[in-house]
Amino acid sequence: MQKIYKLPAIIIVLFLIVAFIGPAFVPYDPFSYDAAAYLEPSAEHWLGTSQLGQDIFSQLIYGTRTSLLIGISIAACSTFLVVVLGLLAGYFSLADKVINGVANILLVLPDLLLILLIVAFTGGGIEQLIIILSLLSWPAYMRIVRSVVLTLKERDFVKASQSFGGNHFYILRAHILPHLRPIVKTKFILTCKSAILTEAGLAFLGLGDPNVVSWGSMLNVAFSQPTIFLDSSWVWIVLPPVILLAVLTLSLTFLLEEKQPSKVRMKKVEIHPIQGAEKDLSVHQVNISFDKKAIVNDVSFQVKRGEIVSLIGPSGSGKTTMARAMYGLLPAGVWSGDIQYDGHSVKNQDFANRHYWKTCAFIYQDARSAFNPLLKLKEQFLEVGVTMEQAIQAVEEVSLSKDILDKFPHECSGGMLSRALIALAFINKPDFIIADEPTSALDPILKKEIVQLLVEKVRAYNVSLLFITHDLDVAYAISDRVLSIENQHVEEEKLCHA
Amino acid sequence: MLEVRNLCKSFGNHLVLKDVSFDIRNEEFVCLLGESGSGKSTIAELLMGLNKPTQGEISWTSDKKNGMQYIYQNPDRSFNPFWTMKQSLMEPLLLKKHPKKDALEKITAMMDKAGLPLELLKKKPSQCSGGQKQRMGIIRALLCNPSLLIADEITSALDPQTEQMIIHFLKELQSSYQMSVLYITHRIQAIEDVADRVLILENGCIVESGQTKEVLQKPKHPYTKRLLDACLYFEKRKKKKVV
Amino acid sequence: MIKKVVSLYGFVFVLLILLNFFLPRLMPGGPIEYLEGLDSGPVLTEEQKQMMKEYYQLDDSLGEQFLNYIQGMLTFDFGNSFIHKQPVTELVFDHLPYTLWIVGISTVFSLALGILLGLWSGWFHHKHGDRRLMLTMMALGALPEFLVGMILLLIFSVYLGYFPMSGASTPFLNTDSWWGVMVDSIHHATLPIISLTIISVSSTYLLVRNETIQVIASPFIEFARMKGIKHNRLLYRHIFKNALLPIFTLMMIRIGALFTGAIFIEALFSYPGIGKLLKEAVLSRDYPLMHGLFFVFSALILFFNALADYLYPKLDPRVKGGTKVAKDL
Amino acid sequence: MKKVLYLLLAAVMVLTAACSPSSENATSTDSSGKKVVRIGWQNSGFPSPFTFDTQGPGGFLRNSFLFDTLTWKDDTGVIPWLATSWEVSSNNLEYTFTLVKDVKFHDGKPLTADDVVFSYDYFKKHSFQWNVDMTKVASVQKVSDTQVKITLAEPYAPFITEIAGKLPIIPKHIWSSVEKPLEYKDNKALIGSGPFTLKNYDSTTGNYQFAKNENYFKGKVTVDEVQYIAVENRMLSLQNNEIDGGMTFNYTEAKKVESLGYKNLKSKPTGSAVRVVFNLNHEQLKDKRLRQAIAYALDRAAIAEKITGNSEVMVGSAGVIPPDSDWYNANVKKYDYNVDQANKILDELGYTKNANGIRDGLKLSVTVNATSQEAELMKSMLAKVGIDLKIQTVDAATFSSAMAEGNFDMTITGHIGLSGDPDFLRLWFSGKAGNSLAGKGVFNNEKFQELANQQLTKLDEKERKEVINQMQDILAEELPTLVLYHRPFYYLYNAKVFDGWFNTAGGIADGIPLTDNKAAFVDYK
């Protein structure tokens with residue numbers, strides 16, 4: 001599987017070699033007509049001959065040169081235009097009006113029409129084709145570059161550079177241009193591909209440059225003699241250019257495909273009961289590591305019914321990973337050990353179906369991103385299987401008006417959403433709640449309110465809460481116990497109960 | 001050194017700043033406190049000249065040699081991800097046509113002072129921790145010898161321990177570089193010990209200002225009280241619990 | 001917002017109208033030269049040519065022609081086609097339904113197929129099925145239009161004889177039942193529709209797949225999963241809805257490309273759609289016909305673009321007042 | 001994944017299954033006992049005399065099914081049609097035609113001398129679409145109900161075929177009230193006296209359905225229906241039984257289809273030519289020796305063989321008229337393939353070869369109207385004598401305006417109708433008629449122009465042939481154009497459906513080398 005990703009690159013290099021030096025080695029001049037017509041493949045004519053007695057193999061090699069030349073030149077010109085115009089349009093608002101206006105017009109005009117129109121009377125020479133296609137193929141990607149530049153322009157490091165006295169040209173070149181590399185690469189390859197196809201299409205319509213052989217012109221000649229399909233001659237006349245064309249464009253397409261991470265094998269999980277863990281939330285000898293880098297090592301702890309336990313640690317210490325592991329969200333391959341809720345392991349296949357939002361619930365880090373922006377809150381409440389009355393009751397319990405249920409998330413303030421999220425977490429009266437840094441994005445006044453609300457509801461419903469935070473003050477203030485993650489281990493902090 | 005008089009700013013119909021006036025004296029550490037949406041960042045933008053005020057004026061009373069520098073909230077975004085830290089740190093000096101060697105020496109000296117290992121210079125931003133990046137951000141800003149440093153929520157993405165470290169680093173530098181600092185935050189507890197003065201911003205109005213101790217201990221405005229109460233709420237409760 | 005869309009597209013439209021008039025006339029040669037340049041046409045006498053010039057109003061000054069053109073544009077009367085000797089409006093409306101029929105059906109097919117497969121593929125991202133499907137679709141997308149059509153034509157018409165080689169209906173079909181007529185036209189349209197579907201399905205698929213993968217990675221989907229929501233609801237209510245928004249806009253814009261893609265297919269299957277008409281019009285310098293066709297094409301494409309811009313804010317509750325669209329413009 | 005593919009496959013199969021029975025229906029429409037002949041050709045427009053399409057001979061032929069002319073042609077040559085006989089006055093200017101009695105138009109009204117007079121007058125006002133030079137006709141008079149006298153403005157030898165044989169007689173009672181014939185598209189515009197009526201015309205697809213005229217004056221119409229079907233690919237459609245007959249240029253193709261059991265009728269006389277036109281105002285090409293050198297350098301037999309796929313080809317006659325025409329001059333100068341001769345002339349002209357064997361001083365281009373294999377072969381052949389030839393492809397309109405402006409070195413064009421009346425030589429090279437085909441650079445040869453006018457007055461065939469022979473000699477010597485080869489047409493058809501096809505002597509009307517002569521469907525002999 002891994003080697004496959006190198007294949008397109010290898011094929012393209014081969015094509016390039018053939019295009020550059022191939023014509024020097026072909027056995028016949030591609031226009032030479034000395035052989036008989038429609039010869040079958042033989043030692044002299046590897047792929048037989050065409051109607052005019054031209055050697056198909058030689059034509060194919062020359063066709064490779066033509067196609068690649070066209071593809072690469074158009075891709076180069078067009079990419080250059082895309083970058084220059086995109087930078088200008090994104091960076092200077094005055095240029096933007098002009099460039100974007102032109103782009104809009106070109107985008108609306110059907111390309112093929114213009115190409116047909118122009119090629120029809122310029123005669124489809126290679127130079128004209130390169131100019132026309134380059135001029136027509138920049139708008140779409142120019143817009144992408146432009147929007148990237150527009151956001152980059154606002155980025156802090158660009159602003160910083162401006163404040164250090166960097167001029168526009170310097171900033172465009174040094175700071176913005178390097179960011180365009182992936183786009184430029186994509187654009188170059190895709191344009192190369194579509195240019196090759198367009199040339200073949202035009203040549204197929206008889207609008208190519210007759211002074212050179214191209215795959216498209218070979219196909220045009222072949223298809224203007226449809227009776228080659230009545231016997232086997234089409235096999236060596238039509239198939240070779242079709243196959244090369246397909247292989248080349250396919251390779252170009254796949255060149256952009258990134259290597260996929262190797263598949264995580266589903267392991268058969270064995271679940272052993274944890275001693276003394278029939279009740280409560282038990283974390284047993286958990287090890288987590290990503291790409292062989294250990295996140296936590298041999299972590300075991302328990303959260304008892306009705307208890308508030310905080311998990312603290314500096315950013316990057318693995319708190320959130322731990323939270324996700326405890327909710328059974330990590331793929332089985334990256335962690336070992338076991339986590340059980342009242343004896344039900346999260347490793348169990350149907351844990352999610354049976355226990356999510358019933359036994360356990362989760363309070364997401366950022367309330368705004370937890371709600372689906374396109375669905376009304378009502379829908380997002382009702383889908384956990386409650387009635388409208390219960391939903392109304394739940395939001396009213398967190399001192400929200402029931403009108404909020406008819407709103408979209410973007411119509412609510414951050415505070416309202418945080419409350420709604422808490423309401424949602426408690427709506428099915430779960431036994432366990434994991435809250436992953438629910439306060440880190442909040443302002444002090446709101447944070448106080450939300451934490452108070454959370455603690456109040458935990459106590460009221462006798463729920464176990466695992467509260468994950470980097471805010472030591474809050475952790476110490478509300479918890480029965482505080483666990484801290486440091487150097488991949490979890491230690492219990494000493495608390496004095498007031 | 002810097003005077004701000006009757007500053008107003010509106011975006012469309014939305015009035016963000018209402019008649020804001022304050023000043024910053026030489027070598028002073030001023031803290032601007034307020035919740036998100038209160039207009040803190042707008043003030044910073046106006047000071048930096050990135051936006052024009054709708055009304056009011058900003059004037060320098062002392063002659064401003066090197067102007068001011070801005071340190072960004074998010075250390076991840078303030079460095080070009082494609083550059084090594086060395087390239088990024090050299091940038092302001094090279095743009096001012098300093099010789100390369102001098103520049104490097106200057107940076108090395110600063111890195112030492114900040115307690116940052118020199119290997120970091122060879123690294124890309126993604127390979128450094130948030131605290132390291134933020135300290136290098138401060139170094140980069142100081143390389144221009146600014147007379148005013150604006151630090152806009154520079155620690156809000158960091159954990160409390162790192163926050164403390166950075167604030168003390170900044171304070172240290174403030175005295176050795178003889179500059180003023182405008183520190184923008186919503187976390188009072190972090191700057192208690194370092195700030196000379198606090199300005200409290202609510203909904204685009206400065207509701208209270210004064211010496212740090214005075215304001216924190218005897219807040220006059222109800223909003224200040226509420227804010228202080230909320231900020232210190234957990235701290236107080238924690239103190240009761242921890243041995 | 002609407003004002004902005006209208007003013008922008010109005011500007012583009014005016015430019016198109018100007019281009020539409022001058023571009024054909026900038027091309028070398030005119031309709032009479034075209035007739036003369038044919039291998040097997042008549043040898044025209046000067047008298048005949050003069051008569052044609054008068055008849056086609058080619059001896060009018062450019063200004064007069066332009067006025068006529070504008071007048072025609074306003075009244076939807078583009079005059080008579082030179083080669084077809086038929087009113088352009090009539091001609092266009094005779095042929096347009098054929099194109100709309102195959103383009104419309106294939107758009108529906110390719111959208112349905114592309115969206116379904118794309119969703120499915122994105123949902124099973126990183127699994128073998130997704131990989132294989134994606135490779136297949138990318139391979140399909142790398143094939144030129146004419147090849148797809150040609151291969152289908154060869155296999156299903158020439159070799160297997162399942163479908164007719166060309167045309168939109170059996171000539172002079174002897175049936176009175178609407179059912180027979182319908183079956184006949186479906187029979188003729190099948191290959192063109194399949195070709196067009198194949199041509200356009202891969203881009204839809206790839207788009208939907210990428211969008212789906214992105215949406216699946218977003219926090220609210222993870223949160224929805226945490227809520228223990230059933231797969232179907234997750235897929236259709238949450239993922240589908242969010243993934244579809246950008247796709248919708250792009251689809252609207254791509255409709256233009258579909259129409260031009262149809263030109264190849266119509267040529268290949270000698271399907272009497274608008275594409276074939278266009279090729280003839282361009283080659284024969286049939287100015288009125290070119291005007292009519294360009295007008296229809298640009299109007300259609302502009303319409304769908306404007307529709308996309310107009311509908312987007314309605315579909316996405318977040319975009320009120322069209323701030324997002326306005327920025328993109 | 002596989003499931004989806006199977007589903008797709010299944011869907012296709014179902015669709016196929018649902019649709020395929022109708023394909024049988026489609027081909028059995030003619031099984032109702034009617035004799036239907038389906039011919040493949042492209043759309044040729046609404047077939048009234050004023051609106052048929054002139055992009056090819058199809059329009060004229062479709063029109064000839066509906067309308068009759070005074071004379072017509074069959075495999076024996078010119079035959080009487082609406083006129084039973086005609087007399088020519090001694091000054092060669094007055095033609096008196098006697099008409100067949102009791103001819104009726106499709107609407108039942110009689111066709112009389114009035115209609116003939118009206119038609120000629122009407123076409124003088126509103127020109128006919130096809131090649132008819134009405135300036136040659138001075139006046140038309142009714143002599144009696146069945147006799148018409150046509151007076152010419154000047155002697156015009158080919159009058160019988162070129163005007164009387166082409167101009168349709170249209171009903172006076174319909175057209176006399178028509179002011180704008182080009183916009184008249186009523187069904188009445190199709191009422192003629194011809195062997196067929198138009199039952200159906202689909203302007204969108206270009207399919208025609210002609211039904212037989214039960215009361216045709218000339219004889220019984222032997223088929224019930226003739227359909228013209230616009231198919232893209234005639235040979236494959238023929239094989240798919242979508243048409244019963246179709247034409248191709250390609251010999252290989254014709255042979256393959258013939259081997260599948262179809263009959264093959266080769267056009268005879270060939271009546272067509274593919275030729276190089278030289279720009280006679282070109283700095284270098286205006287020297288006839290260079291043109292001759294090119295003629296020697298081109299292996300025209302090879303070109304013909306390669307392109308038509310047939311080794312028994314007619315190499316282009318230097319005198320333009322094809323060797324199988326009655327008007328061909330057998331002694332005309334031939335330019336057999338001779339590289340040495342070509343090199344010798346080129347050296348003499350001072351175009352010396354450089355180290356690479358290329359004559360630097362001679363850069364020529366050939367402009368072609370579509371992809372042209374002839375040009376490709378020319379390029380290779382001229383390269384052998386050191387001439388660097390560039391090929392330029394442009395579309396038809398650009399092509400003829402380039403020719404009209406003299407904006408070319410050489411072009412390649414093709415023609416049909418060369419087996420008809422040789423008056424086309426005068427038209428091509430006189431610079432008077434629309435002759436952008438010959439290039440606006442008029443062939444300024446006084447002797448030739450004189451002969452061209454002279455032949456018009458010679459009604460005696462022998463005398464006329466003498467003049468035409470001399471014209472061919474001049475053309476062969478001067479080479480204003482070089483015919484590469486004469487391209488035969490092959491008509492492939494299903495003999496079970498209809499077998500009455502024949503070659504028209506000299507081509508239909510003005511030499512159209514096609515087989516769909518309406519006379520083939522009429523039992524008049």
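Excluded from the calculations below are hydrogen atoms, water molecules and symmetry mates; all remaining heavy atoms, backbone and side chain alike, are included. If you're wondering where the values come from, they're calculated on a predicted model, not measured in any experiment. Chain A is the first sequence line, chain B the second, and so forth, proteins listed ahead of strands; every chain is numbered from 1.
Contacts with chain C were tallied for A:L375, A:V238, A:V384; A:L375 has the most, counting heavy-atom pairs under 4.5 Å. No other option in C:K241, C:H238, C:R225 has as many heavy-atom pairs under 4.5 Å with chain A as C:H238.
Counting non-hydrogen atoms of other residues, nucleotides and ligands closer than 6.0 Å to OH of C:Y236 gives a total of 12 or fewer.
Residues C:A139 and A:L250 share a closest heavy-atom pair of CA-CD2, 3.0 Å.
Neither the backbone nor the side chain of A:L248 comes within contact range of chain C; no heavy atoms are under 4.5 Å apart. With a threshold of 4.5 angstrom between heavy atoms, A:F362 approaches chain C through its backbone and through its side chain. For A:Q380, the parts lying under 4.5 angstrom from a heavy atom of chain C are both the backbone and the side chain. In this structure, chain C has no heavy atom under 4.5 Å from any part of A:I196. Contacts of A:I434 with chain C are absent, with no heavy-atom separation under 4.5 Å from either backbone or side chain. Residue A:A370 touches chain C through both its backbone and its side chain, counting heavy-atom pairs closer than 4.5 Å.
Atom-to-atom distance recorded for A:N372:CG and C:F223:CZ is 11.5 Å, nearest 0.5 angstrom. Atom CE of residue C:M226 and atom CG of residue A:L329 lie 4.5 Å apart, to the nearest 0.5 angstrom. Atoms CD1 and OH, from C:I229 and A:Y356 in turn, are 12.5 Å apart once rounded to the nearest 0.5 Å.
No side-chain heavy atom of C:P219 sits under 4.5 Å from any side-chain heavy atom of A:D366.
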| task | Begin with the C-alpha distance, continue with both residues' side-chain angles, and end with the deciding distance and a verdict on ring pair (Phe, Tyr, Trp, His ring centres under 6.0 Å) for A:F371 and C:F220. | result | CA-CA 5 Å; A:F371 286 107; C:F220 61 85; over 10 Å; no
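Ion pairing between a basic and an acidic side chain is recognised when a charged N comes within 4.0 Å of a carboxylate O; A:E383 and C:K227 show such pairing.
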